[in-house]
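Encoded as structure tokens, the structure appears first; notes follow it.
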Amino acid sequence: MEQLLRAELRTASLRAFGSPGAGCISEGRAYDTDAGPVFVKVNRRTQARQMFEGEMASLEALQSTGLVRVPRPIKAARLGEQLADLHLHNQKLGEKSKEEESTVGRRAEGAEPRHVTKFGFHRVTCCGFIPQVNEWQEDWPTFFARHRLQAQLDLIEKDYADREARELWSQLQVKIPDLFHGLEIVPALLHGDLWSGNVAEDDSGPIVYDPASFYGHSEFELAIALMFGGFPRSFFTAYHRKIPKAPGFDKRLLLYQLFNYLNHWNHFGQGYRSPSLGTMRKLLQ
């Protein structure tokens, strides 16, 4: 491994420091190199290359906005503001594009990042080790129901053949469009897996990592931010100053939390069956 790292990193010195870390999905180790410290993630699953390529594309997309810092270590309120700015970034690109279309001497094509008008991503990304279909879609409720919820429930059907999950989903999927009635959703670049374990801070402020990015509804990001330890109230207060809650927010938050419970069921087993089914029942009330 060290020989491979020396060659890939083009470094003569390679000294491990700190303790090796084993996360839920991958292993990690920090090294000092000729160019400074690096963090190396290792995963031996057959789909690891696809997972890491999706993560790299996600990091590149997030970094390109210049609004959030990626890898490196969160001041909670500051991150809330930065996350809201990230979610508004594509919308502002669209507004700027419209202004320039009506202006003589508009900028040359390709001079700045392009406004994205659909939901999806240019590459498969993985939330955990499960690949996510990111085929571009015009309609967000269709994209989310098909490529996020249905995809997770297909895996549950394959592995568990859970009749109650199947029955609840058959009732819930027809009600999903009602949760978005009258709502205008502009595609937002998302981190995609922003729970408290994927953020940190250093002296310069917040850092986010381990993304599973795609363009989606900004509210999706907040679901897992409220789960599994969550963030302090200051994070959400700062966020909602810039992006206020839209009507129906709380019910949609449940829908987005359902995805995360299903994803955890598929990763970690039946312990997540009860919260998954309980969330579906709440959504049907």
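- Residues passing the side-chain hydrogen bond (donor to acceptor under 3.5 Å, both in side chains) test with Gln173, sequence neighbours excluded: none.
- Both Leu183 and Leu258 are assigned to one and the same hydrophobic cluster, defined by single-linkage of ILVMFWY side chains at heavy-atom distances under 4.5 Å.
- Residues Trp195 and Phe228 approach most closely at CE3-O, 3.9 Å, considering heavy atoms.
- The backbone N or O of Pro275 lies less than 3.5 Å from a partner atom in the side chain of Thr279, making a donor-acceptor pair.
- For His147, the ring pair (Phe, Tyr, Trp, His ring centres under 6.0 Å) test picks out Phe143, with sequence neighbours left out.
- Heavy-atom minimum distance, Leu222 versus Leu253: C-CD1, 4.0 Å.
- Connection of Leu226 to Ile224 is established within a shared hydrophobic cluster, with ILVMFWY side chains joined at heavy-atom distances below 4.5 Å, either directly or through further cluster members.
- Atom CD of residue Gln137 and atom OG1 of residue Thr142 lie 5.5 Å apart, to the nearest 0.5 angstrom.
- Among residues two or more places apart in sequence or in another chain, the ring pair (Phe, Tyr, Trp, His ring centres under 6.0 Å) test is passed with His191 by none.
- Proximity of a side-chain donor or acceptor of Asp210 to a complementary backbone N or O of Asp193 within less than 3.5 Å is not detected.
- Atom CG of Leu83 sits about 8.5 Å away from atom OG of Ser218, to the nearest 0.5 Å.
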Quiz: residues 124-135 side-chain donor-acceptor pairs under 3.5 angstrom, not counting sequence neighbours:
residue	atom	partner	partner atom	Å
Thr125	OG1	Gln132	NE2	3.4
Thr125	OG1	Asn134	ND2	3.0
Thr125	OG1	Ser213	O	3.3
Asn134	OD1	Arg148	NH2	2.6
Asn134	ND2	Arg123	O	2.9

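- Separating the CG atom in Leu155 from the CG atom in Asn263 is a distance of 9.0 Å, to the nearest 0.5 Å.
- Put simply, CG on Leu254 and CZ on Phe249 are 10.5 Å apart, with the number rounded to the nearest 0.5 Å.
- Taking Glu219 as the reference, Arg252 meet the salt bridge (Lys or Arg N to Asp or Glu O under 4.0 Å) condition, with sequence neighbours excluded.
- Legend: residues meeting salt bridge (Lys or Arg N to Asp or Glu O under 4.0 Å) with Glu184, ordered by chain and number and at least two apart, are absent.
- Residues passing the side-chain hydrogen bond (donor to acceptor under 3.5 Å, both in side chains) test with Asp34, sequence neighbours excluded: Thr11, Ser13.
- Ring-plane geometry between Phe119 and Trp140 is classed as tilted, the angle between the planes lying from 30 to 60 degrees on a 0 to 90 degree scale.
- The two residues Ala145 and Ile176 make their nearest non-hydrogen contact at CB-CD1, 4.1 Å.
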Would you please test Lys175 and Leu283 for side chain to side chain contact (heavy atoms under 4.5 Å, CB included) and show each step? CA-CA 9 Å; Lys175 295 181 177 293; Leu283 284 161; over 6 Å; no
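- Using a 4.5 Å cut-off on side-chain heavy atoms (C-beta onward), Trp265 and Gln270 make contact.
- Applying the salt bridge (Lys or Arg N to Asp or Glu O under 4.0 Å) test to pairs two or more places apart or on separate chains, those with a residue in residues 272-285 are Asp162-Arg273, Glu164-Arg273, Glu164-Arg281.
- For Tyr272, the ring pair (Phe, Tyr, Trp, His ring centres under 6.0 Å) partners are His264, not counting sequence neighbours.
- Closest non-hydrogen pair, Lys242 versus Ala84, comes out as CB-CB, 3.7 Å.
- Hydrophobic clustering keeps Val174 apart from Leu277 (ILVMFWY residues linked when any side-chain heavy atoms are closer than 4.5 Å, directly or through intermediates).
- No path of Ile, Leu, Val, Met, Phe, Trp and Tyr side chains, each step under 4.5 Å between heavy atoms, connects Val186 with Leu86, placing them in separate hydrophobic clusters.
- Inter-residue side-chain proximity for Lys118 and Tyr215 is flagged as unmet; no heavy-atom pair is nearer than 4.5 Å.
- Ring orientation note: the planes of Phe220 and Phe259 are tilted relative to one another, at an angle of 30° to 60°.
- In this structure, Arg233 has no side-chain hydrogen bond (donor to acceptor under 3.5 Å, both in side chains) partners at least two apart in sequence or on a different chain.
- Listed by chain and residue number, nothing satisfies the ring pair (Phe, Tyr, Trp, His ring centres under 6.0 Å) test with His122 (two or more places apart in sequence, or in another chain).
- Here the side chain of Asn90 pairs no donor or acceptor atom with the backbone of Leu189 at under 3.5 angstrom.
- Every residue meeting the side-chain hydrogen bond (donor to acceptor under 3.5 Å, both in side chains) condition with Glu95, not counting sequence neighbours, appears here in chain and number order: Gln91.
- For the pair Leu93 and Arg114, the minimum side-chain heavy-atom distance is 4.5 Å or more.
- Residues Thr65 and Leu62 approach most closely at OG1-O, 2.8 Å, considering heavy atoms.
- Rounded to the nearest 0.5 angstrom, Asn266 CG and Gln152 CD are separated by 5.0 Å.
- Nearest approach of Leu194 to Phe231, heavy atoms of both residues: O-CE1, 3.5 Å.
- A continuous path of hydrophobic side-chain contacts links Leu172 to Tyr160 [ILVMFWY only; heavy atoms under 4.5 Å].
- Side chains of Leu255 and Leu149 form a contact here, defined as non-hydrogen atoms less than 4.5 Å apart.
- The CH2 atom of Trp169 sits 5.5 Å away from the CD atom of Gln150 when rounded to the nearest 0.5 Å.
- At least one side-chain heavy atom of Leu79 sits under 4.5 Å from a side-chain heavy atom of Val208.
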